[in-house]
Amino acid sequence: MDSTSKIILHLYGEHNDPEELVELLQNEQARLEYERLGAVKDILDTQEPVRPRAEVVDAIVAEAARRQPARPVREKVGDSTVLLRQDRPARIPVRRRRSIPALAGMAVTFCLLLGLGWWHLGNDVLLLPDHDEATLAADGVPADQLELQAFEDAELSTPTAEELGLTAIPSWDESSELLRLRRQMRYIQARSPEENWGEAVVPLEMRGGGSMPVLTSVQQR
Amino acid sequence: MSTNDIQMQPTDEELVTAYLETNDQDAFRTLVERHQERIFGYLLGMVRDRDLAEDLFQETFYRAISAMQKRRGSYSQQGRWLGWIMRIARNAALDHMRTRKKWQDVEANTTAEDGATYWDRLPADTIAADEMIHRMEQQAWLDDMIDRLAPEQREVLLLRQKTDLTFREIAELQDVSINTALGRMRYALANLRKMIRMSKKKNLADV
């Protein structure tokens with residue numbers, strides 16, 4: 001920054017370092033510049049301040065009052081200031097319109113869920129059939145088998161792990177699941193009385209009545 | 001005014017907050033009255049027409065109200081409020097001068113019947129016959145001198161003399177470096193000095 005700029009800053013009080021000014025004014029040319037510019041500033045400072053008419057200021061303040069700020073208003077209540085939130089202006093409710101594809105998608109999803117539920121319910125019925133006599137009789141189960149089934153059901157109503165021989169089963173295995181499987185086996189067994197369970201395994205070829213298995217050629221098969 | 005009174009006066013930013021948050025009209029009036037001489041002095045110096053300067057003064061505050069309420073532009077309560085509103089005042093003045101230039105380009109240099117151009121008549125219009133007392137003469141005479149300065153020099157001089165903005169703030173307002181603003185002020189003062197000396201010599205010669 002040159003000396004004249006510094007002089008101007010000193011003249012307008014923006015540099016408040018008296019030592020710098022003294023140093024500056026030691027230079028004759030700078031001192032003359034300071035005096036000349038200072039004289040002009042003194043003349044300018046004699047200018048009287050000017051103001052707009054009072055009506056102009058009133059009009060501005062009235063306009064400011066008219067354009068009320070849309071901000072939270074604080075009101076003095078007793079010793080404290082309470083923030084009063086201005087009411088939100090009323091708005092027309094906007095109804096969302098769902099598109100036809102979205103509605104169709106929702107309907108399909110609902111139907112799928114319904115179908116899945118129905119199917120799952122049907123499977124459960126198949127896997128865990130009722131063992132009442134009427135059902136079994138309707139299925140063509142003989143009476144003696146029904147009695148046996150009833151006896152076993154009573155026996156199995158509160159079985160213990162020892163009774164079931166499940167002591168060797170790991171702890172993570174669910175006994176209820178085993179019970180369900182056992183019941184299912186009984187049910188299947190009851191529905192197939194002509195088969196003797198527990199007999200030695202007989203090849204299918206001998207089931208026709210022969211005592212020895214018959215070898216058949218590849219062509220005959 | 002006592003020292004306590006000065007200390008009790010709210011800052012510009014506090015007045016703005018009072019107006020915006022509690023719609024305090026008195027706070028806003030205080031703000032306008034506090035800075036009216038600075039803003040109006042600058043505008044009058046720029047346009048040299050009292051009615052026009054009042055219109056621009058009003059326009060400045062209308063724009064400021066809109067900006068403070070975020071209707072137009074924005075006002076962040078950081079920095080000096082005076083510097084912020086002076087930018088608005090300056091824009092209002094420049095907008096007017098641009099508009100005036102558009103339709104006065106042709107007319108400005110047209111010589112009238114009495115041989116005077118628009119620019120010759122302009123200063124005379126501002127001095128009413130009944131205001132020819134010495135002090136007012138002096139004022140008008142000085143205004144004429146200032147009006148003859150180059151626009152950039154005149155604006156820096158008006159901003160520094162009338163509004164009390166610092167040279168740094170003026171530089172920011174004009175988007176120039178502080179050295180440029182100081183250089184313009186230097187030429188403004190030097191040219192004024194020359195004009196004053198010439199004017200005095202002329203007056204002495206007339207006498």
Worksheet item: Any side-chain donor paired with an acceptor under 3.5 Å for B:Arg186 and A:Ser5?
Response: no
Fill in: Pick from B:Asp143, B:Leu142, B:Leu192, B:Ile39 with the largest number of heavy-atom pairs that fall under 4.5 Å of chain A
B:Leu142
Discussion item. Using every non-hydrogen atom in the two residues, find where A:Ile60 and B:Phe28 come nearest and quote the distance to one decimal.
Written reply: CG2-CE2, 3.7 Å
Worksheet item: Is A:Arg53 positioned over the aromatic face of B:Phe57, cation under 6.0 angstrom from the ring centre and no more than 45 degrees off axis?
Response: no
Worksheet item: What option among B:Gln58, B:Arg160, B:Arg38, B:Met145 has the most heavy-atom pairs under 4.5 Å with chain A?
Response: B:Arg160
Worksheet item: Hey, are the side chains of A:Leu44 and B:Leu189 touching, using non-hydrogen atoms and a 4.5 Å cut-off?
Response: yes
Worksheet item: Atom CG of B:Leu182 and atom OG1 of A:Thr4: how far apart are they, to the nearest 0.5 Å?
Response: 10.0 Å
Fill in: Part of A:Asp45 lying under 4.5 Å from any heavy atom of chain B
both
Worksheet item: Between CZ of B:Arg193 and CG of A:Leu37, what distance do you get to the nearest 0.5 Å?
Response: 8.5 Å
Worksheet item: Does any heavy atom of chain A fall under 4.5 Å from the side chain of B:Leu157, the backbone, both, or neither of them?
Response: side chain
Discussion item. Need one label for A:Ile7: side chain, backbone, both or neither, based on atoms under 4.5 Å from any heavy atom in chain B.
Written reply: neither
Worksheet item: Checking heavy atoms, do the side chain of B:Ile146, its backbone, both or neither come under 4.5 Å from chain A?
Response: side chain
Discussion item. One thing to verify: whether A:Arg51 and B:Glu54 come together as a salt bridge, which I'm taking to mean a side-chain N less than 4.0 angstrom from a carboxylate O.
Written reply: no
Worksheet item: If only atom types and distance count, is the side chain of A:Tyr12 paired as donor or acceptor with the main-chain N or O of B:Gln161 below 3.5 Å?
Response: no
Worksheet, complete the sentence: Ranked by heavy-atom pairs below 4.5 Å to chain A, first place among B:Thr166, B:Leu43, B:Val32 goes to B:Thr166
Worksheet item: What pair of heavy atoms forms the shortest contact from B:Gln25 to A:Ala64, and how long is it?
Response: OE1-C, 3.8 Å
Worksheet entry | B:Ile196 side, atom CD1; A:Ile43 side, atom CD1 - distance, nearest 0.5 Å | 4.0 Å
Discussion item. Using a 3.5 Å distance criterion without hydrogens, assess whether the side chain of A:Glu14 forms a donor-acceptor pair with backbone atoms of B:Phe167.
Written reply: yes
Worksheet item: Do you know the tightest heavy-atom contact between B:Ser66 and A:Arg67?
Response: OG-NH1, 2.5 Å
Worksheet item: Considering residues, nucleotides and ligands other than A:Glu23, do more than 12 of their heavy atoms fall under 6.0 Å from its CD?
Response: no
Worksheet item: Side-chain contact, heavy-atom cut-off 4.5 Å: B:Arg29 with A:Asp58?
Response: yes
Discussion item. Could you report the tightest heavy-atom contact between A:Val50 and B:Gly41, atom names first, then the distance?
Written reply: CG2-CA, 3.6 Å
Worksheet, complete the sentence: Taking every heavy atom of B:Gln36 against every heavy atom of A:Val57, the minimum-distance pair comes out as OE1-CG2, 3.5 Å
